[in-house]
Amino acid sequence: MLAFFNSNYHLITIVILSIFLGIEVISRVPAVLHTPLMSGANAIHGVVIIGAIIVMGEAHEGDILSLVLGFLAVVLGTLNVVGGFVVTDRMLEMFGKKKKK
Amino acid sequence: MSTNPFLLLSYLIGSITFIMGLKMLSHPETARKGNMIAAVGMTLSIFTTIFLYKNHNGEGLHNYVWIFAALVIGTVVGTMAAKKVQMTSMPEMVSLFNGMGGACAMLISLIEYNSDLQPAAGKLIIIVLGMIIGTVSFAGSMVAWGKLNGRIKDRTIPGGQVINFAIFGAVIFLSAMVVGGYTGNHAVFYAILGFAALYGILFVMPIGGADMPVVISLLNSFTGVAAAFGGFLYNNPVMLTGGILVGSAGTILTILMCKAMNRSLMNVLIGSFGAKPGAAGPGGN
């Protein structure tokens, strides 16, 4: 347990600070922005695609199963990232127009 | 470790853009710009990973053809889907994309489990947890998506809570067996995957359609946590900060959304048996 703490000290610090930062950063969001913020956060957790790229890029040439699953993972991750940001942008575009009227 | 300093710098920039993005997304004037900034940081992190990432042996990535083919397909399909969707069906689109992220996390764990024959206990915990949370998020998001577009009706299963609790217990028990090294049988790992999927489905099934945005927000933070496990797996700071930020911000947002509907989260998750129509009060977004 202590050994785990010692070797992962930096990561654990990042986790703890990020938890508080996440809470702090959005705590005053007005209700109209709830859905766009959810959508934006949805796009951000698309960072998982970096993991998919690493697995895909390290798969051995002959390992068809890993190649196929990795390919699928990168496609799905890209959908999450690209779709997420574009949908959020469209929501906010509508929001901006409404406000100007 | 043979980590490229430019790669680390791009990850740092990526993390900062995510924090700024979330901050700006919570103010009406800056929201759209915040979304853009996060998108730029994400693109930077993705491309520096592709070209600069090196593993412990100092080897870079290969299979570039596969990677770029997947990126192009995902980008084209994702953009078209996001551009075409009706304004009224935005939440179901978010749910669908959230499910894709969960499935991505699940697949990463699957591949890692299959390719490492003798993983250390710590790595195994991360793989199993990432797989479970990703799967629950994926299955739950698919049900939420189906409910929002009317393909899946609200359904209450008698004794649903008890069944769910039993499935949850089974997931914990089997995971402990795999992580504790009591079984090296791959079938057990797939059984966990199956139970996690079932749990995700049954978890969302009885919740009323009007409460779906709250559930999607909750599943959204689940996927964030699943992404963070990927960060632990690859010792990758941008995955870790991005995932945890969404995990904590998403949880708070879920609670704020409940408050806006004058309800508590427990009320939405448990009290919605039978899912009475018009359950969502005014003020809901």
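Order of the sequence lines fixes the chain letters, A, B, ..., with proteins taken first and strands second; residue numbering starts at 1 for each chain. Just so you know, these numbers use all the heavy atoms, side chains as well, and skip hydrogens, waters and symmetry mates.
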- Query: Which region of B:Met106, side chain (C-beta onward) or backbone (N, CA, C, O), has a non-hydrogen atom less than 4.5 Å from a non-hydrogen atom of chain A, or is it both or neither?
  - Reply: neither
- Message: Within this structure, what is the OG1-CG distance for the pair A:Thr88 and B:Leu25, rounded to the nearest 0.5 Å?
- Response: 7.0 Å
- Task: Show your working on side chain to side chain contact (heavy atoms under 4.5 Å, CB included) between B:Met90 and A:Thr35 and close with a plain yes or no.
- Result: CA-CA 9 Å; B:Met90 288 287 185; A:Thr35 311; 5.8 Å; no
- Task: Please report the shortest heavy-atom distance between A:Ser18 and B:Thr241, naming the atom on each side.
- Result: OG-CG2, 3.8 Å
- Of all heavy-atom pairs linking B:Ile244 and A:Val15, the shortest is CG2-O, 3.6 Å
- Message: With a 3.5 Å distance limit and no angle check, can you tell me whether B:His62 reaches the backbone of A:Ala59 through a side-chain donor-acceptor pair?
- Response: yes
- Message: For a 4.5 angstrom cut-off between non-hydrogen side-chain atoms, does B:Leu253 reach A:His34?
- Response: yes
- Can you tell me how far the CG atom of B:Asn220 sits from the OG atom of A:Ser39, to the nearest 0.5 Å? 8.5 Å
- Message: Would you compute the distance between atom CZ of A:Arg90 and atom CZ of B:Arg32 and round it to the nearest 0.5 angstrom?
- Response: 11.0 Å
- Message: I need the A:Glu58 CD to B:Lys54 NZ distance, nearest 0.5 Å.
- Response: 12.0 Å
- How long is the span from the CG atom in B:Leu22 to the CD1 atom in A:Ile26, to the nearest 0.5 Å? 7.5 Å
- Query: Do B:Asn35 and A:Leu92 have side-chain heavy atoms sitting under 4.5 Å apart?
  - Reply: yes
- Identify which part of B:Ile67 has an atom lying under 4.5 Å from any heavy atom of chain A, answering side chain, backbone, both or neither. both
- Message: Does any backbone or side-chain atom of B:Tyr11 lie under 4.5 Å from a heavy atom of chain A? Answer side chain, backbone, both or neither.
- Response: side chain
- Item | Minimum heavy-atom distance A:Gly83-B:Ala82, with the two atoms named | O-CB, 3.8 Å
- Task: Indicate yes or no for a side-chain donor-acceptor contact from B:Ser248 to the backbone of A:Ile19 under 3.5 Å, with no hydrogens or angles considered.
- Result: yes
- Message: A side-chain contact here means heavy atoms from C-beta on lying under 4.5 Å apart; do A:Val47 and B:Phe18 qualify?
- Response: yes
- Under the side chain to side chain contact (heavy atoms under 4.5 Å, CB included) rule, what do A:Met38 and B:Met257 come out as? Steps first, then yes or no, please. CA-CA 10 Å; A:Met38 171 174 86; B:Met257 284 168 104; 4.2 Å; yes
- Note on the structure: Between B:Ile108 and A:Val48, the two heavy atoms sitting closest are CD1-O, 3.5 Å
- Message: Taking side chain as everything from C-beta outward and backbone as N, CA, C, O, which of these in B:Leu233 sits under 4.5 Å from a heavy atom of chain A? Side chain, backbone, both or neither.
- Response: neither
- Would you say A:His10 has more than 12 foreign heavy atoms packed within less than 6.0 Å of its NE2? no
- Query: For B:Met93, is it the side chain, the backbone, both or neither that has a heavy atom under 4.5 Å from a heavy atom of chain A?
  - Reply: side chain
- Item | Toward chain A, the part of B:Asn114 with a non-hydrogen atom under 4.5 Å | side chain
- Grab the two heavy atoms, one from B:Ser26 and one from A:Val29, that are nearest each other, plus how far apart they are. CB-CB, 3.6 Å
- Message: Counting heavy-atom pairs under 4.5 Å with chain B, which one of A:Leu69, A:Asp89, A:Leu37, A:Leu21 comes out on top?
- Response: A:Asp89
- Message: Only pairs of heavy atoms separated by less than 4.5 Å count here; which of B:Phe97, B:Phe232, B:Tyr234 has the most with chain A?
- Response: B:Phe97
- Message: Any non-hydrogen side-chain atom of B:Ser45 less than 4.5 Å from a side-chain atom of A:Ile50?
- Response: yes
- Query: How would you list, in number order, the residues of residues 221-231 of chain B that have a heavy atom less than 4.5 Å from chain A?
  - Reply: B:Thr223, B:Gly224, B:Ala227
- Item | Interface residue of largest heavy-atom contact number with chain A, from B:Leu107, B:Ile255, B:Leu219, B:Ile73, under 4.5 Å | B:Leu107
- Structural part of B:Val76 lying under 4.5 Å from a heavy atom of chain A: neither
- If you tally heavy-atom pairs under 4.5 Å against chain A, which of B:Gly14, B:Gly130, B:Ala69, B:Gly78 wins? B:Gly78
- Item | Full working for side chain to side chain contact (heavy atoms under 4.5 Å, CB included) between A:Val87 and B:Lys83 | CA-CA 7 Å; A:Val87 160; B:Lys83 289 256 182 209; over 6 Å; no
- Item | Closest heavy-atom pair and its distance - B:Pro28, A:Leu33 | N-CD1, 3.4 Å
- Query: Could you give the distance from OG1 (B:Thr43) to CZ (A:Phe85), rounded to the nearest 0.5 Å?
  - Reply: 7.0 Å
- Message: Just checking B:Lys33: does its NZ atom have more than 12 heavy atoms from other residues, nucleotides or ligands closer to it than 6.0 angstrom?
- Response: no
- Message: Quick check on the interface: out of B:Ile216, B:Leu71, B:Ile46, who has the most heavy-atom pairs with chain A under 4.5 Å?
- Response: B:Leu71
- Given the rule in the side chain to side chain contact (heavy atoms under 4.5 Å, CB included) test, do A:Met56 and B:Leu61 qualify, once you have shown the distances and angles that lead to the verdict? CA-CA 8 Å; A:Met56 169 96 252; B:Leu61 297 175; over 6 Å; no
- Message: If we define contacts as heavy-atom pairs under 4.5 Å, which of A:Val81, A:Leu72, A:Ile14, A:Leu67 has the most with chain B?
- Response: A:Leu67
- Message: Are B:Asn236 and A:Ile54 packed together at the side-chain level, in the sense that at least one heavy-atom pair is separated by less than 4.5 angstrom?
- Response: yes
- Query: Side chain, backbone, both or neither: which part of B:Ala38 has a heavy atom under 4.5 Å from chain A?
  - Reply: both
